[in-house]
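So that the names make sense, note that chain A is the first sequence line, chain B the second, and so on, each numbered from 1.
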Amino acid sequence: MSAVSELRITLAGAARVVAGGTTYGEALEADGRSVVAARAGGELKDLAAPVAEGDVIEPVPADSPDGRAIIRHSTAHVMAQAVQEIFPEARLGIGPPVENGFYYDFDVKNPFTPDDLKRIEKRMREIVKQGQLFSRRPVSDDEAAGELAAEPYKLELIGLKGGAADEESVEVGGAELTIYDNLDPKTGELCWKDLCRGPHVPTTRSIPAFKLMRTGGAYWRGSEKNPQLQRIYGTAWESREKQDEYLHLLVEAEKRDHRKLGAELDLFSFPDELGSGLPVFHPKGGVIRRVMEDYSRKRHEEAGYSFVNTPHITKSKLYEISGHLDWYKDGMFPAMELEGAEYYLKPMNCPMHNLIFRSRGRSYRELPLRLFEFGTVYRYEKSGVIHGLTRVRGMTQDDAHIYCTHEQMRDELKSLLRFVLDLLRDYGLDDFYLELSTKDPEKFVGPDEVWEEATETLREVAESENLELVLDPGGAAFYGPKISVQARDAIGRTWQMSTIQLDFNLPELFELEYQAADGTRQRPVKIHRALFGSIERFFGVLVEHYAGAFPPWLAPVQVVGIPIAEAHVSYLQDVAKKARERGIRIEVDASDDRMQKKIRNAQKSKVPFMLLAGDEDIAGGAVSFRFRNGEQKNGVPVDEAIAEIVDAIERRLQV
RNA sequence: GCCGACGUAGCUCAAUCGGCAGAGCGACAGUCUUGUAAACUGUAGGUCAGGGGUUCGAUUCCCCUCGUCGGCUCCA
C-alpha cells in the first residue's frame, strides 16, 4: 500500500492532518456505541472506512435520527441472519429502517408464528452478544449476482439498479454495489452476508436494545400484483431506557385506543348486524357528537356559511357528470336498480353542492358563496382497511364548498386556514404542522397561473401562521393543490385532520358560472374543505387525545352528584335541578352502592366533576368537589360550585 | 381485496387431548348505609359468531360465511 502518507481533513471545524489509512472511527475517536458512524461531506460512512483527503468529518451520534436509523438497519441484518439460520429456505426481501424501528421481508413457506419470533429473537441476542463485525466489501454487478444466486429478490434489485438510480434503496444505491459480511470477531470467519449500501454499526455489540414486535404479510416491492412476503417488524434504540420509553408510549397509546374507550365509556359500537365499518352512537357518544356539531355550526354561521342539505342517494347521472363513475367507482357501493335507473349511495357531497350553485343564475355579488353541510357519505372501503372510527364505510363529513372569484381566492384561503386552525384549537388540538401538496406536472387540469397563485397563497398563509410546512411536491390531485393540517395529539402522535383543496375540475364539468360586474360569464374557483374530515374520525381522534377524559364542555356527563348517605340524595337532587337550569349535564347517583363505590364508578367514567354532599355540606348550603385528579375542594356554596362548573364549560377549559 | 391470528355470558378471561360449559366484574333482587377508587348475600344470564361436513357424540377436528385484531395494498 503506497497510500498517501498524510491526509488533510477537517474535524469539528478544525483542520487536522492524519496518517494515511486512518479510519473515520480513529479520527473521531469513536467508541461505536455513542457514535455509530461518520458523516463525511454529507455522506454517511462506516467507522471502519478509511478517511479521504479533504474530508470534512462529523460524528453520527447513536441518538441522532441517522444514528438510530443505522442501529435499526444493522438490527434488521442481525434479524435476517437469525431467520436464515433457523429457516435456511427463507429468501431475503428488503430490510430497511423505518420510523421507530425496522423490518425485513422474507419469502418463507410458512408464515412466522409468535413462537418463531421468540426463537429468532433469542438467536439475535446471541449474535449481538458475539459481537460480529460488519465488514463492507465492494463488488461488481456480476460478482454480486454470482454470490447472491440463491436470492432471487436480491438479484431483481441488482437488475433494477441501472434503471432506477434515483431509487433511495438501502440495498442498492450509489455508484457501486456493496456486500456486508458479518464476521466472527475471533476467527474472522464469515457468518452471514447481505447486499447492502450501508453504513452499519461497527459490530453487533453496538446494538444496545432491540425487540421484535409483530409480523404481517407485505407485497414484494409494495405492489399487490407481486407475491406476498412475510414481514417481521422490530424496534431498536440507542439505549435500553429509550426503548423502554418507546414501549411505554405504545402501552399508553393502547390505553387511549378509541375502540376500547368507546366500549368502556359506552360511546359507540359497531353492531355486527349493520356490517363492518358502520358505527352507531350511544346516548353518551351522541351527546359529544351533538356538542361538537352544534359548536361547529355556530362557528360556521358566524363565518358566513350557508347551510344546505342533500340526499344520501342519487341517480348515476350525477356521478357521470362529476366523473366519479370513471375514476372512483371502486370506492363506491354498487348501484341499486330502480325503475330502470341506477341509484348510488353518495361517496362525496361536492357534486350535489354544485347542483345547488347552478340551481339558478349566480351573480358575483353573491360570492364567495360558502355552502356547508354535515353530509353523510358511504364509501366501499376494502374489508381489510376498516379500523374503528378512523376508517369506516358510513360517515358524516363537515363538508363545505366555497365558490369565489379568482380575485377573492387569496383572501378566502387566508381566512379559511385561520378559521380551520382556530376551530381545531377550540376542540383542544393546538400543535400543528401543515402539508402542502403541489402540482404534478404530468397530470393536472386548470390554468397554470391559478395553480401558481393558489399554491403560493397556501404557502404564504402557512408561513404567516408560523407553522412548520412540509412540502409534498407533485402530491396534489389532478384537479387542484391541497393543504392539509396535521395535528399532534397529547402523546405526540400526528393525525391528518383538515384539508383545504382547490378544485379546478368540477366547475368545468358542471359548467358552473356566475355573472361578473362587467356582464360576462365567469367560472368560479371552487374550494373544498373538511375540517373534521369526518365527524366519526375526529371523534375518534378526540377520544384518543383526551384518553376519554373529555373537557367539561364535551363530556357526556359533566357532573355526578354523590350523596354520602341515602339521606343526602334529595339535597343533591335539588342541587342538580339548579345545575340543569344552567345547562349543566348532571346526574345524581342514587343507587344503593356505598359512597366509595360511587366515586370509583364516576372516576372510571371520567366525569369531570363529582359533587359530594353530606351533613356538613348541607348544614352550610354547600357541596364538596372531587376532581378527576383526586383533588377535592370541600364546603363550596352551591351557587359558587355551579358558577365554577358553568365557567369551565363556557370557556371550554380542560380540568 | 391479500397474508396471518382470533371469535366462549353485557365486559375481561378460564376449561373441555371429541363426552352435561366456569370465574370475576356488570345486571337484577334483598340486606346494610355517613366523608373521597370496590359492603354483604342471592338470582338470572350461553344454540361456545353463523352455516355445512366428519363422528355414536362437535364449543373442541375439517370446509365456507360473517366479524374482530396485526400487517400489506388502498385512503379519491
Cation over ring, Arg214(A) on Tyr233(A), under 6.0 Å and within 45°?
no
Decide yes or no, distance alone: a donor-acceptor N/O pair under 3.5 angstrom between the base of [N] and the side-chain of [X].
X	N	result
Arg537(A)	C75(B)	no
Tyr219(A)	G71(B)	no
Arg594(A)	A39(B)	no
Gln230(A)	C3(B)	no
Gln596(A)	U36(B)	no
Asp615(A)	G35(B)	no
Ser624(A)	G35(B)	yes

Would you kindly compare Val623(A) and Asp257(A) by the position of their nearest RNA chain B nucleotide and give the one closer to the 5′ end?
Val623(A)
With RNA chain B as reference, determine whether His387(A) or Gly614(A) sits nearer its 5' end, using the nearest nucleotide of each.
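Going by which nucleotide is closer to the 5' end, it is Gly614(A).
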[N] [atom2] sits how many Å from [X] [atom1], rounded?
X	N	atom1	atom2	answer
Phe625(A)	G35(B)	CZ	C1'	16 Å
Arg393(A)	C66(B)	CZ	P	10 Å
Ile386(A)	G70(B)	CD1	P	13 Å
Arg600(A)	C25(B)	CZ	P	11 Å
Asp272(A)	G67(B)	CG	C1'	5 Å
Asp589(A)	A37(B)	CG	P	15 Å
Lys382(A)	C74(B)	NZ	P	8 Å
Asp593(A)	A29(B)	CG	P	13 Å

Check whether any side-chain N or O of Asp105(A) sits under 3.5 Å from a backbone N or O of Gly93(A) as a donor-acceptor pair, and report yes or no.
no
Base, sugar-phosphate, or nothing for [X], non-hydrogen atoms under 4.0 angstrom?
X	answer
Asn601(A)	nothing
Ala565(A)	base
Arg231(A)	sugar-phosphate
Tyr479(A)	sugar-phosphate
Tyr380(A)	sugar-phosphate
Met348(A)	base
Gly630(A)	nothing

Within the structure, does a side-chain N or O atom of [X] lie under 4.0 Å from either OP1 or OP2 of [N]?
X	N	result
Tyr233(A)	C72(B)	yes
Lys597(A)	G26(B)	yes
Ser276(A)	U68(B)	yes
Ser383(A)	G1(B)	yes
Arg259(A)	G70(B)	yes
Tyr103(A)	C72(B)	no
Arg214(A)	G71(B)	yes

When the [atom1] atoms of [M] and [N] are compared, how many Å lie between them, rounded to an integer?
N	M	atom1	answer
C17(B)	C13(B)	P	23 Å
A15(B)	A23(B)	P	15 Å
U43(B)	A5(B)	C1'	38 Å
G71(B)	U55(B)	P	42 Å
U8(B)	C48(B)	P	12 Å
U36(B)	U41(B)	C1'	27 Å
A38(B)	G26(B)	P	12 Å
U47(B)	A9(B)	P	8 Å

Does [N] pair with anything, Watson-Crick or G-U wobble, both distances under 3.5 Å, and if so, with which nucleotide?
N	answer
G70(B)	C3(B)
A21(B)	none
U34(B)	none
A27(B)	U43(B)
U16(B)	none
C61(B)	G53(B)

Is the distance between the ring centroids of [X] and [Y] less than 6.0 Å?
X	Y	value
Trp451(A)	Phe504(A)	yes
Phe357(A)	Tyr403(A)	yes
Phe210(A)	Trp237(A)	no
Tyr104(A)	Phe106(A)	yes
Tyr378(A)	Tyr344(A)	no
Phe478(A)	Phe444(A)	no

So Phe374(A) and Phe372(A), would you call those rings parallel, tilted or perpendicular, with 30° and 60° as cut-offs?
perpendicular
Partner of Glu544(A) under side chain to side chain donor-acceptor pair (under 3.5 Å), chosen from Arg256(A), Lys255(A), His258(A):
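It is His258(A), the one option of Arg256(A), Lys255(A), His258(A) that forms the side chain to side chain donor-acceptor pair (under 3.5 Å) with Glu544(A).
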Listed nucleotide nearest any side-chain atom of [X], set [options]:
X	options	result
Met595(A)	G35(B), U34(B), G1(B)	G35(B)
Asp617(A)	U73(B), G35(B), U36(B)	G35(B)
Glu616(A)	G1(B), G35(B), U34(B)	G35(B)

